[in-house]
Amino acid sequence: MPSSAPRRLPLLLARLRMPLMWLAMAALMAGYLGLSWWVGVGLLVAALAVHLRLGTPRCTPRVLAPPVRGRWMALTSPVDNVPSQGTHAYGQTYALGLVAEDGTRPDIAWRPLSRPPEDFPAFGAPVYAPADGTVVRVHDRRRDHRSRNSWPWLLGTVVENTLRELQGPSGLMGNHVVIDIGGAHVLLGHLRRGSVTVAPGDRVVAGRRIAACGSSGACTEPQVRMQLMDLGHPLFAAGLPMVWGSGWRAGAPEDEGLPETWRPVEVAGGAEVADLCDVPAGQIGSAGDYPGSEVRRT
């Protein structure tokens with residue numbers, strides 16, 4: 001049974017995950033300059049152990065509100081796989097990737113190779129704050145690119161996303177907002193350029209509209225990225241588990257949890273979530289959840 005707060009050692013190892021990997025790569029390259037290959041291999045083994053398993057915080061999920069409303073579907077979800085994005089790097093261990101699915105969303109096909117973001121129902125949809133908190137980071141300058149949801153483009157995204165990673169976390173997350181919710185930070189990414197309505201230092205309450213869904217960063221189509229982290233900057237952050245509070249799914253008011261991959265669900269509004277969690281609307285995800293106090297389990 002996970003504890004109510006993340007243990008310190010996995011958190012520390014998670015923060016060292018990327019520096020260890022960079023150090024291992026540098027040591028391997030230094031082998032051509034005379035450094036013992038065993039140094040590089042040893043560092044790589046240690047870095048992979050931390051990256052794949054040892055640096056994975058496990059604790060009681062933080063209860064938050066959904067950042068979207070209406071009919072949505074998860075392309076990636078920690079319900080089905082951890083790490084949900086295939087990597088623990090940049091606080092992505094328990095990340096959730098959401099696309100609107102109202103029946104008009106273009107599916108993966110051979111043609112056309114790409115589509116304008118306006119062809120997808122998620123593009124421009126409101127994005128809401130999932131908890132009370134203070135905005136600590138805003139990036140709103142990246143353009144919204146065309147989709148990559150054709151089979152040829154999907155193969156090419158492996159190389160493209162590697163190049164994006166060289167630009168740092170913003171290359172992967174695209175336009176994003178990070179909110180300090182007390183003991184943790186929630187990141188909302190792939191936002192539409194120019195849509196962010198908050199700035200660092202602003203106080204927000206759960207349910208406030210703060211941006212619109214976009215197609216920026218490493219995404220195949222317009223979507224909303226949501227992830228919980230221990231630090232405000234994803235570069236060295238550890239990903240933390242989260243759930244949406246009771247009432248998030250229309251027709252199932254007793255359930256907490258998150259959407260499963262490839263299964264569309266009707267996401268209810270924030271007021272309903274607050275009422276059914278027995279938490280005031282302005283206190284979802286408040287500072288009492290992490291660390292040290294119990295929250296509901298999935």
Side-chain angles (χ1 to χ4, degrees), residues 64-76 85 90-92 95-102 105 116-147 164 167-181 184-229 232-234 237 242 244 248 258-259 267-271 273-274 281-282 284-285:
L64 302 173
V68 295
R69 309 284 186 267
R71 190 169 176 79
W72 290 73
M73 179 178 72
L75 293 183
T76 56
Q85 300 286 126
Y90 309 117
Q92 298 180 92
L96 187 66
L98 299 163
V99 296
E101 183 59 279
D102 63 358
R105 173 179 165 266
E118 291 82 6
D119 283 2
F120 294 82
F123 190 67
V127 176
Y128 304 94
D132 291 2
T134 302
V135 176
V136 295
R137 181 177 173 85
V138 170
H139 190 94
D140 193 33
R141 299 188 301 272
R142 293 190 175 272
R143 68 178 181 87
D144 294 287
H145 57 71
R146 295 175 64 91
S147 74
R164 286 185 181 278
Q167 304 172 43
S170 63
L172 297 175
M173 312 298 177
N175 300 318
H176 60 275
V177 172
V178 179
I179 305 171
D180 181 349
I181 59 174
H185 298 75
V186 62
L187 180 147
L188 300 170
H190 306 313
L191 305 175
R192 185 174 183 175
R193 182 166 66 175
S195 72
V196 177
T197 61
V198 293
D202 287 354
R203 288 284 302 172
V204 296
V205 296
R208 172 181 170 180
R209 177 173 176 168
I210 60 172
C213 176
S215 184
S216 58
C219 59
T220 57
E221 62 182 275
Q223 62 182 271
V224 175
R225 160 77 67 90
M226 179 181 183
Q227 64 188 53
L228 191 67
M229 313 176 298
H233 197 299
M242 60 183 176
W244 291 349
W248 69 269
L258 293 171
V267 181
V273 173
I284 295 180

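All heavy atoms count here, side chains included; hydrogens, waters and symmetry mates do not.
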Would you say [X]'s side chain and [Y]'s backbone share a donor-acceptor pair under 3.5 angstrom?
{"X": "Asn175", "Y": "Gly189", "result": "no"}
{"X": "Asp180", "Y": "Gly133", "result": "no"}
{"X": "His145", "Y": "Ser215", "result": "yes"}
{"X": "Thr76", "Y": "Gln85", "result": "no"}
{"X": "Gln227", "Y": "Tyr90", "result": "yes"}

Sub-4.5 Å side-chain heavy-atom contact between [X] and [Y]:
{"X": "Val177", "Y": "Val127", "value": "no"}
{"X": "Met242", "Y": "Leu96", "value": "yes"}
{"X": "Pro130", "Y": "Ile181", "value": "no"}
{"X": "Phe123", "Y": "Pro116", "value": "no"}
{"X": "Asp144", "Y": "Ser216", "value": "yes"}
{"X": "Pro67", "Y": "Leu98", "value": "yes"}

Those residues that, when tested against [X], pass side-chain hydrogen bond (donor to acceptor under 3.5 Å, both in side chains) (two or more places apart):
{"X": "His176", "value": "Arg137"}
{"X": "Thr220", "value": "none"}
{"X": "Gln167", "value": "Arg142"}

Applying salt bridge (charged side-chain N to carboxylate O under 4.0 Å, His left out) to Asp119 and not counting sequence neighbours gives Arg115

Please report the closest heavy-atom contact between [X] and [Y], naming both atoms and the distance.
{"X": "Leu64", "Y": "Ala131", "answer": "CD2-CB, 3.9 Å"}
{"X": "Pro169", "Y": "Pro234", "answer": "CB-CG, 3.6 Å"}
{"X": "Cys213", "Y": "Pro222", "answer": "SG-C, 3.9 Å"}
{"X": "Trp72", "Y": "Ala125", "answer": "CZ2-CB, 3.8 Å"}
{"X": "Ala100", "Y": "Pro121", "answer": "O-CG, 3.6 Å"}

Run the numbers on Ile210 and Ile179 for side chain to side chain contact (heavy atoms under 4.5 Å, CB included), then give the verdict.
CA-CA 11 Å; Ile210 60 172; Ile179 305 171; 4.1 Å; yes

Contacts satisfying side-chain hydrogen bond (donor to acceptor under 3.5 Å, both in side chains) that involve residues 192-204 (not counting sequence neighbours) are Thr134-Arg203

Do any pairs count as a salt bridge (charged side-chain N to carboxylate O under 4.0 Å, His left out) and have a residue in residues 206-226, sequence neighbours left out, and if so which ones?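 As it turns out, the salt bridge (charged side-chain N to carboxylate O under 4.0 Å, His left out) pairs with a partner in residues 206-226, which skip direct neighbours, are Arg105-Glu221.
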
Worksheet item: Between atom CG of Leu172 and atom SG of Cys219, what is the distance when rounded to the nearest 0.5 Å?
Response: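 Reported value, rounded in 0.5 Å steps: 10.5 Å.
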
Rounded to the nearest 0.5 angstrom, the CH2-CG distance for Trp248 and Leu258 is 7.0 Å

